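The figures that follow rest on heavy atoms only: side chains count, while hydrogens, waters and symmetry mates do not. Source: prediction; values computed, not measured. A note on names: the letters A, B, ... follow the listed sequences, proteins ahead of strands, and every chain is numbered from 1.
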Amino acid sequence: MSDKNTTSILDILTKVNDNTWEVPGNYKPGMNVPGRIFVSKPLLEILEPETIDQVANVASLPGIQKYSMAMPDAHLGYGFSIGGVAAFDKDEGVISPGGVGFDINCGVRLIRSNLMEDDVRPRLAELLDSLFEAIPSGVGSKSRMRLTDEELDDVFIHGVNWAVKNGYGMKGDLSHCESNGMMPGADPSKVSIKARKRGRPQIGTLGSGNHFLEVQYVDKVYDEEAAKAFGLKEGQITFMIHCGSRGAGHQICTDHLQKLTQASKKYKIPLPDKQLACAPASSEEAQDYFKAMICAANYAWVNRQMIMHWAREVFDEFFKAQHGDLGLDLVYDVAHNVAKLEKHMIDGEEKEVYVHRKGATRAFPAGHPEIPEDYKDIGQPVIIPGSMGTASYVLKGCPAAMELTFGSACHGAGRVMSRSSAKKELRGEEIQNELKSQGIIVRATQPSLIAEEAPEVYKSSSDVVDVVHNLGIATKVARVLPMGVVKG
DNA sequence: ATGTCC
């Protein structure tokens, strides 16, 4: 069966190099540009043909620049594939919620420490219990804090600035977030009452699915200079937070999808797939979505900030008396699901484009003005979480990203088995015990969730990372291994 | 991903 799959995919795609395959511009009628899928041969063999169709569909949207792209972790998504990257001209192009996804600014942050593996291992189980208690998780989980309506507006507009101003973090946290944890241009009046109602009680909650808080140790350093700049060394304890904008972002996406479905008809945009609903970038409908999307993006950064704040408190409670200042600095926070107006060189000219990254990470190289001062000679940290129980990677953005992918890299391992089949075929308790035998502790609200997120339902994060590393889009800095995971 | 169907 896999032979047949490979044969049919190879009939469609043209090899550009070992890690780049092209979807010809005549593969489907209406394509404005060809597609580019960045995969190695082993990843190509497990690529779904439907993902290629999605790349081709996106190529037919107005004003798309250069290529409709898919990262090595690409798989089927709503309209656009997960792992999709597409840039649309600011004036001639479109904005599409499908190119961002339902979990607006789902993303990941990495926190370093002065602790070493041996300091934490003896108290790991207790530590995880405390983290599980301190950070609300699971579907519909409610926060430890209640935002007023005014505070919710502040979160939407000011992002992490709101959190730091109110004592939930340190000033240095700001510059170590993509966009300083605050995209400008938010307009809370474009967010429905329903989305506000869902968002108010959920700030600082982990959610469910593949979202997690993980205690890790640095197992390998590939790039000494970059690791030093990021404050990382072998044997050191780190922790990672992966979550998004919860019910608020989901509702904002749902609300505006409905409006943009109407707008697609109004502006007579031919859609090969209804899920690609969009509107001309400069139209009121597209801009309303964009202003609401920014509210959700800023909300997601605050969500991760609150979780980090409470996790820092737990670490301090456990280790400060013995170890003093734990140096729990934010290494960086990246968005995986967002659209941004950026300047890129296209055919020798600088152009403003709306870059849609859906399950893709920004990966700007050294010297880019959006990189914090202390990383400016290194490049932007690119944080790639592995699946539960497997390695995560820290990379640095490199110049090839600007040439090849509008400054983008992959975002994670990428699913190979659906949630429903995982639940049918695997048992959560068994996975939990298997991980325990490897020294990895898992705390989750439900065993079925552990089955849905089992290591074997994901591609290998190292295969995926090797593609962007070998292309020179983002190169490996360090690998971290899990010790304990808190899940929804 | 998601008050996993208002």
Side-chain angles (χ1 to χ4, degrees), chain A residues 54 71 73-84 96-109 135-143 146-147 152 191-213 241-258 275 289 292-293 295-297 299-301 303-304 307 334-339 356-361 385 387-388 411-424 428 444-454 457-458 486-488:
Chain A
Q54 291 195 321
M71 293 294 131
D73 46 343
H75 58 107
L76 214 58
Y78 182 92
F80 291 60
S81 72
I82 318 273
S96 175
V100 172
F102 279 84
D103 193 2
I104 297 165
N105 190 7
C106 176
V108 61
R109 63 171 57 190
I135 290 135
S137 62
V139 180
S141 52
K142 295 277 174 72
S143 176
R146 283 290 170 277
L147 295 178
L152 182 64
V191 178
S192 69
I193 302 287
K194 206 171 171 185
R196 296 180 67 96
K197 201 178 162 195
R198 291 179 70 175
R200 268 183 62 184
Q202 289 190 322
I203 199 82
T205 62
L206 198 54
S208 184
N210 64 359
H211 291 163
F212 64 76
L213 185 155
I241 295 161
H242 179 202
C243 64
S245 49
R246 309 284 286 109
H250 193 275
Q251 191 63 48
I252 285 169
C253 181
T254 304
D255 293 339
H256 286 267
L257 263 174
Q258 202 176 4
Q275 296 183 349
Y289 163 69
M293 182 215 74
C295 291
Y299 179 100
W301 273 306
N303 193 27
R304 293 194 285 276
I307 292 169
V334 287
H336 284 166
N337 283 5
V338 83
H356 292 56
R357 297 188 183 93
K358 182 194 195 173
T361 312
S387 52
M388 185 175 61
H411 88 306
R415 221 165 233 293
V416 286
M417 198 193 286
S418 72
R419 290 181 185 281
S420 51
S421 17
K423 264 200 270 197
K424 239 180 274 171
T445 48
Q446 284 173 42
S448 65
L449 193 118
I450 301 178
E452 285 178 35
E453 296 300 319
V457 313
Y458 282 90
V486 172
K487 295 198 62 77

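- Remark: P of B/dC5 and NZ of A/Lys194 are 14 Å apart, rounded to the nearest angstrom.
- Note on A/Ser245: nothing from the nucleic acid sits closer than 4.0 angstrom, heavy atoms only.
- Across all strands shown, A/Glu452 has no heavy atoms under 4.0 Å from either base or sugar-phosphate atoms.
- Computed from coordinates, the A/Lys487 NZ to B/dT2 C1' distance equals 15 Å when rounded to whole Å.
- Between the P atom of B/dT2 and the OH atom of A/Tyr78 lies a distance of 17 Å, rounded to the nearest Å.
- Per the geometry, CD belonging to A/Gln251 stands 10 Å off C1' belonging to B/dT2, to the nearest Å.
- Within 4.0 Å (heavy atoms only), A/Gly244 reaches no atom of the nucleic acid at all.
- Counting to the nearest Å, the P atom of B/dT2 and the NZ atom of A/Lys197 are 19 Å from each other.
- Between the CG atom of A/Asn303 and the C1' atom of B/dT2 there is a distance of 14 Å, rounded to whole Å.
- Listed by chain and residue number, A/His242, A/His411 satisfy the ring-ring contact (aromatic ring centres under 6.0 Å, His included) test with A/His336 (two or more places apart in sequence, or in another chain).
- Per the geometry, CZ belonging to A/Arg246 stands 5 Å off P belonging to B/dT2, to the nearest Å.
- For the pair A/Phe102 CZ and B/dT4 P, the computed distance is 14 Å after rounding to whole Å.
- Judged by distance alone, the side chain of A/Asp103 and the main-chain N or O of A/His250 form no donor-acceptor pair under 3.5 Å.
- The salt bridge (charged side-chain N to carboxylate O under 4.0 Å, His left out) check on A/Arg419 picks up A/Glu452, A/Glu453, with sequence neighbours excluded.
- The closest donor-acceptor contact from the side chain of A/Ser81 to the backbone of A/Gln54 lies at 3.5 Å or more, if one exists at all.
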